[in-house]
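Chain letters run A, B, ... following the sequence lines, proteins first, then strands; residues in each count from 1.
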Amino acid sequence: METKQVKKKSNNWKIFSSGIITSNPIFVLFLGMCPVLATTSTFSSAFGMGLAVIAVLVVTNTLISLIRKLVPNEIRIPVYIVIIATVVTIVEMLMYAFMFDLAQTLGVYLSIIVVNCVILGRAESFASKNTVFHSFLDGLGTGLGFLLGVVLVALTREIIGTGGLGFNNPLTGIELFHVQLFPQQFAISLFTVSPGAFIVYGLLTAAFVAINAAYKDRQEKKAKALAKVAQAGGNQ
Amino acid sequence: MADWLRILIAVAILGGLIALLIISYILNKRTKKPEGCIEIDEHCASCNIEGCAVRSVAVEIERAQGEDEK
Amino acid sequence: MHYLLLAISAILVSNIILTRFLGICPFVGVSKSPKNALGMSGALIGVVFMSSIISYAINRYLLEPLDLGFLKLIAFILVIASFVQFVEMFMKRYIPSLYKSLGIYLPLITTNCVVLTVALDVAGTSVTGSLLNWGEMLTYSAATAVGYALIIIGFSYIQLRMQNSTLLPKPFKGNAIALITAGLMAMAFMAFNGMIV
Amino acid sequence: MKNIIKLPLFLGAVCLIATGALATVNHFTEDRILANENAKKNENYLIVLDLSNAGDKTLPEAPVAISNQTLLSAGVTAFYEVKNADDSVYGIAYDAVVTGYAGEIKFQVGFVGDQYAGFRASASKESPGFGEDYIAALEDHLGVDWEVEVSTSESDLELLTMDAAQGGKSGTTKTRDPIIGALIAAANDYQDRIGG
């Protein structure tokens with residue numbers, strides 16, 4: 001009984017964490033690349049975008065999982081599109097009402113969450129097959145993975161591009177803090193505009209691939225060594 | 001115009017559009033492809049780009065997950 | 001002159017891929033072979049042009065007078081999706097040769113953000129600061145799609161070279177180097193910035 | 001057969017729920033969004049009126065277009081009148097568009113009491129280091145650093161803006177004259193409005 005409980009727990013954790021690390025939507029799956037490039041010129045806007053995506057992803061995943069047995073298989077995708085578009089519009093309206101400055105900076109990128117591959121992708125490949133709670137976890141995990149990804153890109157860009165880091169309160173648009181890490185005249189402002197976005201994303205991708213490869217390599221070596229030890233043990 | 005009428009029209013518009021999409025979707029699925037086309041497989045339904053590097057990764061991961069669950 | 005400036009601005013100055021970062025997935029993915037890139041952009045130009053006409057009409061003559069702005073997004077995505085389905089079906093049935101070259105890319109276009117963004121752009125005031133008229137709308141949507149095609153086709157030839165390169169460090173292969181190259185392209189396109197004041 | 005009944009029923013339900021949800025959220029957020037948008041649009045007026053905190057003052061939703069021909073010919077296009085709680089005028093901001101050395105200059109100027117409260121150019125293509133410097137000097141000083149009484153005399157304003165151009169850089173007349181013209185027209189109108 002107890003072992004079963006533990007196993008269940010670890011399974012939940014696995015669902016939750018896979019979206020963050022092993023199948024991170026930004027650096028591993030490369031889903032929804034537009035907002036990663038477009039909304040990451042400042043940390044505040046990237047954070048806001050991440051939050052919006054989390055909200056949409058959690059709600060759509062849960063809803064779609066709720067109705068997964070009701071939807072006739074043939075018209076699955078059109079129904080998903082309607083649900084996603086409704087949720088995105090609602091999130092957009094709420095943001096324009098309560099986080100006006102942030103919503104204005106994000107602009108059209110807020111609306112095009114509708115066609116973001118992450119959302120429909122998770123709906124299709126996960127929420128349509130799994131229980132409500134698991135889908136909720138998956139949405140939260142993938143959303144967090146997305147948030148971490150955009151924030152990472154944004155931090156790199158803002159620090160190199162302006163020499164400092166600021167954060168605006170998403171509700172009021174007033175600056176909460178701003179630290180200048182090095183004088184502005186040494187900042188490379190190229191990183192705050194479009195080429196910087198591509199270059200930073202490209203470099204971070206390469207770094208992610210390299211780290212992943214190294215990790216896999218180590219694991220394989222470990223497994224080999226273990227096998228060797230086992231073999232040696234067997235021989236004795 | 002009364003609010004309830006506006007909402008009613010909104011429901012009608014939305015219903016019409018959804019019906020349109022579903023009809024076209026189903027009709028399109030039932031129309032056979034001409035012979036000799038490149039098959040774009042059904043994975044990555046959101047963004048199924050043939051020859052997309054992303055896609056092969058996504059498919060692999062999905063497979064791996066499937067095996068894990070087994 | 002006004003229309004020419006609008007077109008040049010949409011194609012070069014605020015190019016939809018390089019300065020507005022839209023439609024990146026197919027940019028990195030499809031444009032690995034020039035043939036795919038050509039087919040994709042041909043289909044895209046048609047779909048963007050037609051679907052923005054339909055969305056513009058729906059918004060202007062149906063949603064705006066009834067004050068139903070909150071249906072904009074959902075209506076547009078539905079219109080685009082069903083338009084694409086109809087075109088695909090039509091092509092399959094009556095023009096199979098065209099389907100083979102352009103039609104197979106149509107399913108990919110439904111979820112391409114370029115289409116939806118252009119539809120939203122022409123229904124809003126972001127392009128010229130006020131609501132667009134029919135002429136501006138047609139110019140803008142066609143020019144944006146052409147700008148997209150220009151980049152995606154050009155980039156596919158660069159990708160061709162990069163795939164054959166043996167000098168590239170392993171982690172950079174694939175998407176990483178594609179993104180960095182796109183960054184260099186964006187830098188070059190920044191030179192157009194001062195062209196239209 | 002079962003499908004034929006089930007499908008439209010399902011569709012109807014989906015679109016009812018979707019529209020219902022959208023309409024409800026829209027109903028509750030509509031006013032707030034509109035208020036936010038207006039605040040954003042009128043942000044510049046509040047800046048030139050030196051009103052970071054509106055408090056109990058009544059802010060109009062939109063500026064009023066000007067129909068007076070003399071004002072229009074001087075380039076003043078609209079005004080934005082902020083009232084105190086007791087309905088007396090707190091201050092007025094004016095929109096103006098004039099033709100400078102290199103095309104249009106759009107600016108706002110605000111009057112509060114008998115003084116200038118602020119000046120701000122929202123769009124100008126004047127030459128850097130020359131006409132642009134002049135506009136920047138006006139923005140820095142008029143109503144911000146200096147407390148200047150509203151004046152309708154051309155020589156007063158010339159003197160004032162001569163100072164603004166830091167030692168009276170000569171040659172900025174093509175930028176300066178139209179701005180002064182609009183300032184005088186706006187000041188005249190302001191005095192009429194608070195006087196009458």
Side-chain angles (χ1 to χ4, degrees), chain A residues 26-41 77-78 81-93 96 107-117 119-121 190-191 193-214, chain C residues 14-29 69-78 80-82 85 107 109-121 124 126 168-190 193:
Chain A
I26 290 180
F27 291 117
V28 181
L29 299 181
F30 297 99
L31 291 173
M33 296 158 100
C34 315
V36 182
L37 296 163
T39 62
T40 53
S41 59
I77 293 188
I81 290 179
V82 173
I83 291 175
I84 293 171
T86 312
V87 173
V88 170
T89 314
I90 289 175
V91 168
E92 198 184 357
M93 286 196 284
Y96 269 100
V108 77
Y109 299 102
L110 209 51
S111 316
I112 59 169
I113 295 179
V114 177
V115 284
N116 193 321
C117 310
I119 315 281
L120 195 56
L190 181 80
F191 281 90
V193 285
S194 55
F198 284 109
I199 292 171
V200 168
Y201 190 16
L203 290 177
L204 284 177
T205 304
F208 214 86
V209 171
I211 292 170
N212 250 351
Chain C
S14 50
N15 183 282
I16 196 151
I17 297 184
L18 296 178
T19 62
R20 299 184 62 196
F21 312 110
L22 294 164
I24 301 286
C25 299
F27 173 59
V28 181
F70 60 91
L71 281 186
K72 219 192 234 177
L73 189 61
I74 191 165
F76 287 2
I77 185 91
L78 288 174
I80 293 169
S82 34
Q85 300 289 343
I109 284 172
T110 318
T111 53
N112 188 318
C113 22
V114 175
V115 189
L116 183 63
T117 312
V118 175
L120 286 169
D121 275 349
S126 60
L168 209 58
K170 226 179 187 176
F172 280 90
K173 276 202 173 127
N175 285 333
I177 194 66
L179 284 166
I180 292 172
T181 315
L184 298 178
M185 258 173 118
M187 223 185 286
F189 267 69
M190 272 174 81
N193 257 346

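The distance from the CD1 atom of C:Ile17 to the OG atom of A:Ser194 is 12.0 Å, given to the nearest 0.5 Å. Rounding to the nearest 0.5 Å places CG of A:Leu37 at 6.5 Å from CG of C:Leu179. In this structure, C:Leu73 CG and A:Ile113 CD1 are separated by 10.0 Å, a value rounded to the nearest 0.5 Å. Separating the CG atom in C:Asn175 from the OG1 atom in A:Thr205 is a distance of 7.0 Å, to the nearest 0.5 Å. Between the OG1 atom in C:Thr181 and the CD1 atom in A:Ile199 there is a gap of 9.5 Å [rounded to 0.5 Å].
When each of A:Asn212, A:Leu203, A:Ile90 is checked for heavy-atom pairs under 4.5 Å with chain C, A:Leu203 comes out on top. For chain C, the option among A:Ala213, A:Gly202, A:Ala207 with the highest count of heavy-atom pairs below 4.5 Å is A:Gly202. For the options A:Ile81, A:Leu204, A:Val114, heavy-atom pairs under 4.5 Å to chain C are most numerous at A:Val114. The choice from C:Lys170, C:Met185, C:Arg20 that makes the most heavy-atom pairs within less than 4.5 Å of chain A is C:Arg20.
Both the backbone and the side chain of C:Ile74 come within contact range of chain A, each with at least one heavy atom under 4.5 Å from a heavy atom of that chain. For a residue to count as touching a neighbouring chain, one of its non-hydrogen atoms must lie under 4.5 Å from one of that chain's; by this rule A:Val36 does not touch chain C. Both the backbone and the side chain of C:Ile180 come within contact range of chain A, each with at least one heavy atom under 4.5 Å from a heavy atom of that chain. Contacts of A:Phe208 with chain C are absent, with no heavy-atom separation under 4.5 Å from either backbone or side chain. Residue contact with chain A, scored on non-hydrogen atoms closer than 4.5 Å, involves the side chain of C:Ile77 exclusively. Residue C:Met190 touches chain A through its side chain alone, counting heavy-atom pairs closer than 4.5 Å. In this structure, the portions of A:Ala38 lying under 4.5 Å from any heavy atom of chain C include both its backbone and its side chain.
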Step-by-step side chain to side chain contact (heavy atoms under 4.5 Å, CB included) determination, A:Thr89 to C:Lys72 = CA-CA 9 Å; A:Thr89 314; C:Lys72 219 192 234 177; over 6 Å; no
query = Taking it one step at a time, do C:Phe21 and A:Phe198 satisfy ring pair (Phe, Tyr, Trp, His ring centres under 6.0 Å)?
reply = CA-CA 9 Å; C:Phe21 312 110; A:Phe198 284 109; 5.4 Å; yes
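Of all the heavy atoms in A:Cys34 and C:Gly23, the pair that sits closest is SG-N, 3.6 Å.
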